[in-house]
Each structure stands twice: as structure tokens, then as C-alpha cells.
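The structure appears right after this line, and notes come after that.
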Amino acid sequence: MVESIHARTRDHRERALRSAGWNPCLLRSEDVYIDLFTDSGTNAMSDRQWSALMRGDEAYAGAQSFYVFEQAVRTHYGYEHVIPVHQGRGGENILSRCLIRPGTHIPGNMYFPSTRAHQELNGATFHDVIVDEAHDADGEHPFKGNVDLAKLRAVITEHGAAAIPYVSLAATVNMAGGQPISIANLTETCDLAHASGIPVFLDTARAVENAWFVKQREPGWAHRSIADILLALCAPTDGAVMSAKKDCLANIGGWIALRDRDLAEQARGLVLLYEGLHTYGGMAGRDMEAIAQGIAESVTEQHIRARIAQVEYLGHRLDTAGVPIVHPIGGHCVCIDATAVLAHLPRTALPGQTLAAAVYLEGGVRGVERGTVSAGRDPATGENRYPSLEFLRLALPRRVYTQSHIDHVADTVIRVHRRRDRITRGLTFTYEPPHLRFFQARFAPTEGTSIYGS
Ligand code: PM9
């Protein structure tokens, strides 16, 4: 599908951003020229996906489209029990409610905001057990999504296996900048957890992108197909939670996929309460058809090679111009190190959010802050969390933008970087919602009426 986009004037963008409380998320999309807020649900569907929509069986119960969807997930991800949900966070809610009790502990390879929010809402404490290299924007470690097994062992020893309902893994790791986990590390992590009777659930939103990096970087996998590698990534785990809005090339949807029959029955019971019947989970039949077709397309080498190459193209352009970005370049995004670009601003002045505002003002390009604002407050202390990484994330929708759009993005960011000294003020909250605050928060410059000025 082709959509028209509009380049607004600088004055127009200034007015739009002010009325959006300096939060690009609150802009109308018509005021955005190139929208890199997210790669979630923003994919362009193929001709085959659009025609699959026409086959949607909209029966309330037992729709044929559910069985097509179930088969596609079983074939490509390898789990027996497939339970549809309306999108990823629907699955996170169900899995957290099934397994988490107050006072329990969840180790994981870095947090994702909606995943951790559901874990905390159900009374768990999240423990980041990712390798230290993931917290260093510059390092070239090929698998920054790996688990540090010593950190995981320490959490198990300190809290006891009975207090750990599951290990929460992601492939690739979004908040680290789209960094992959290796199959060897994932397998060792599962072995360690399973030895203590702890199950492991994998966030597969971008597992196909992870499979691509395994093929490129992990010894022994270069000659295997992406489809095979995807199955190998899922094989050691006990189940998956999926936002089909990413890798699956769809605009909406998701699933929980499990091996354990009893847990699957429990999850289906909650899906009935929170999502929809267990054979549609909040999706239309046509959505399930589009996802099934999207899964088949997502594992083709032709698709994934082009997708990752486009992200790399943007990353290399910024790198060449000296813009500090996260290395290695990730699967779905290029992340700009806001603490390096705006090193003259304190963390309390929210450099990631400020950089997001500056890039929008400069070229109508919308990204999202992945730093202090996204990290939220510690539920125990109420204090702001200051993660080691503070980025402006530019996430690329799949199959949407051309190289000249990407050049516009690169030119915009390079201009902002060259004139970074003109950004003399950061932002401060004027409204702060209790959960996932980056979506709806409003801000104002820390002084005066602009982030620019003397
Ligand atoms: N991720 C993203 O842009 C969309 C919302 S945040 C701007 O990165 C992972 C790894 C995700 C994710 C969403 C979800 C939630 C779970 N896991 O958005 O509810 O990246 O489908 O999925 C976003 P839903």
C-alpha cells in the first residue's frame, strides 16, 4: 500500500510539537514526514497478504483462518499450542497473570517497557542479566543480547528457583538497539534455568532478524536457512510471546505459543476474559490470514537481507558523518547515543527526548526516546530510573521507505549533530502518566520556551 506523506514547514512543525507537549508520540501522523517512531504495525503488506485478507473467515468460533494461522506458527516457530492475542502486550498480560505471584523475580536479557510493566503489575521484580557489553553503546560484541550466565546463576542462588516463575528472554533485544542473542548462549541459558526447574519464554517479535544475525555471525550456521535457524532459536525454550506487528509483516496481531498443555489451557481461559475467544484472541479472521502469509514471507532470505541492509545503510551514513550510534548496527533500528550528542545536558534534562524533539524540528523525522523517559520509575522507590543507555531510536518500518527517504533521515540527523551546541536546554515533564509514560507524557523546555537559545 502506498500512502502520501507531507513535508511541513519548520514553523508548522514548531507549532505541532509545542501542542504535542514536545512529545513526538503525540503528533498527528499528518505532521510527520518520515515516521521512524516504530517498526511495529507500520509494515507495508504484500500483494499476497492483501489477497489473503479476502479469505478471512469471520466465524466467531473455530474460524478456518485460525487454523491457517495456527499452522503457520507451528511450522515456523515450532510450538504446539498457539493462542491468538490482539498484540504483544495482550500476550504479556496473559502470561504474567498465569505465572507471576507477588514477591517473585524475573531475570531477563534487558527489559522491554510493556513486558516489564506487566511483570511488575503482577508483583514481580525484574533482574537484568544481559552481558555487560549490551550496556556499552560503542562495543562491537556480535551478540550483545546474550545472557551473562553468572548473573543468572546469582539471581537463582539469591532468590531460589521457587521464587522465579520464568526467565524472560528476547531475540533480538530492542532496548539494547536490536542486538541478537546467539543460539549457543540461548541454549546454555535454557539448560541452566531448566536444571532448576525454571521455564524460559522467548519474546519472538524480532526473532527472524535475530536468525539473520546468527547466520552472519555464529559459527556453524552460515549455510542454514533462516527458517531453520528460527526453529533452532525457539527449540530450547518453553514458549513464546509474539507481537505479530514486527517480523510478521502485519499491521496488528500476536500470539502466545506454548509446549505445556496445562499452561496453554490456563492461558486460553484468560484470553477469553481479556482478548476474545481462544480462536481469534482479538483479531479478525482476515488479520490471522495476513499474519500467516506474512510469516512465510518473513523467513525468505530475499526479504530479510533487504530489510537489514536498509537499516545498515542508515547506520553507515551516520557513522561516516561521525554521529555516535550504537554498534553493531541493530536489526530494526539505528540508535543515536543522546548522552554523547548532547553531552552538555545533564541526564535530568532528558537528552534522548530532547534529541527526538530536535530531529523532528529539523526534518520532520519522528523517532522515539529509549532512555530515562522509557525506563519510568522504580515501583519500590518511586525514583526515576537512569538506564546506562539513552538513545534516540530510529526504527525502520519494513518495506515502506526508499533510499531517498533514508537519505533525508541521515541528512537531518547529521545536521542536528553538527549544530548540537545550539541545543542549550533539555526538557522536563509537565505531565507524567503512571505507566509506559513515553507514550503520553508532556514536556516543556527546562528554561524559557525553546530547547534552542543562549
Ligand atoms: N514494541 C516498539 O516500537 C511498539 C511499542 S513501543 C514504541 O519497539 C517487544 C520486544 C516489543 C514490543 C513492542 C512488544 C509489545 C513486546 N516485545 O506493541 O503490544 O518491541 O504488539 O508488543 C514497540 P505490542
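Whatever order the structure lists ligands and atoms in, that order sets their numbers, starting from 1.
Under the 6.0 Å cut-off for aromatic ring centres, Tyr77 and Trp255 qualify, their centroids lying closer than that. Side-chain rings of His141 and His327 stay apart, their centers remaining 6.0 Å or farther from each other. Taking the six-membered ring for Trp and the full ring otherwise, His6 and Tyr33 have centroids separated by 6.0 Å or more. If you look at Tyr60 and Tyr280, their ring centroids are closer than 6.0 Å.
Atom numbering of ligand 1 starts at 1 in the shown order; those under 4.0 Å from a heavy atom of Ser114 are 14 (C), 15 (C). The contact set between ligand 1 and Lys245, taken as ligand atoms under 4.0 Å from a residue heavy atom, comprises 21 (O). When each atom of ligand 1 is checked for a heavy atom of Gly88 under 4.0 Å away, the hits are 19 (O), 21 (O), 22 (O), 24 (P).
Scanning Phe439, Phe37, Phe112, Phe438 for the heavy atom closest to atom 11 (C) of ligand 1 points to Phe112. Which of Lys246, His332, Arg89 comes nearest to atom 12 (C) of ligand 1 through a heavy atom is settled by distance: it is Lys246. For the residues Val241, Val368, Asn174, the heavy atom positioned nearest atom 20 (O) of ligand 1 is part of Asn174.
Using a 4.0 angstrom heavy-atom cutoff, Gly254 does not count as in contact with ligand 1. The shortest separation from a heavy atom of Arg393 to ligand 1 is under 4.0 Å, placing the residue in contact.
With respect to atom 24 (P) of ligand 1, the closest heavy atom belonging to the protein is Gln87 NE2, 3.3 Å. When hydrogens are left out, the protein atom nearest atom 16 (C) of ligand 1 is Glu92 OE2, 3.2 Å; that is the closest non-hydrogen contact. Summary of contacts: the protein heavy atom closest to atom 17 (N) of ligand 1 is Asp203 OD2, 2.6 Å. For atom 21 (O) of ligand 1, the closest heavy atom belonging to the protein is Ser243 OG, 2.7 Å.
The side-chain tip of Arg116 points at the ring of Tyr111 from less than 6.0 angstrom away and within 45° of straight on. A cation-pi geometry, defined here as NZ or CZ lying under 6.0 Å from the six-membered ring centre and within 45° of its normal, does not hold between Arg366 and Tyr360.
A salt bridge links Glu432 with Arg437; the closest basic N to acidic carboxylate O contact falls under 4.0 Å. The pair Asp31-Arg13 does not count as a salt bridge, with every side-chain nitrogen at least 4.0 angstrom from each carboxylate oxygen. Taking the charged nitrogens against the carboxylate oxygens, Glu289 and Arg55 do have a contact shorter than 4.0 Å, which makes a salt bridge.
On a distance-only criterion, Arg206 and ligand 1 share at least one N/O pair closer than 3.5 Å.
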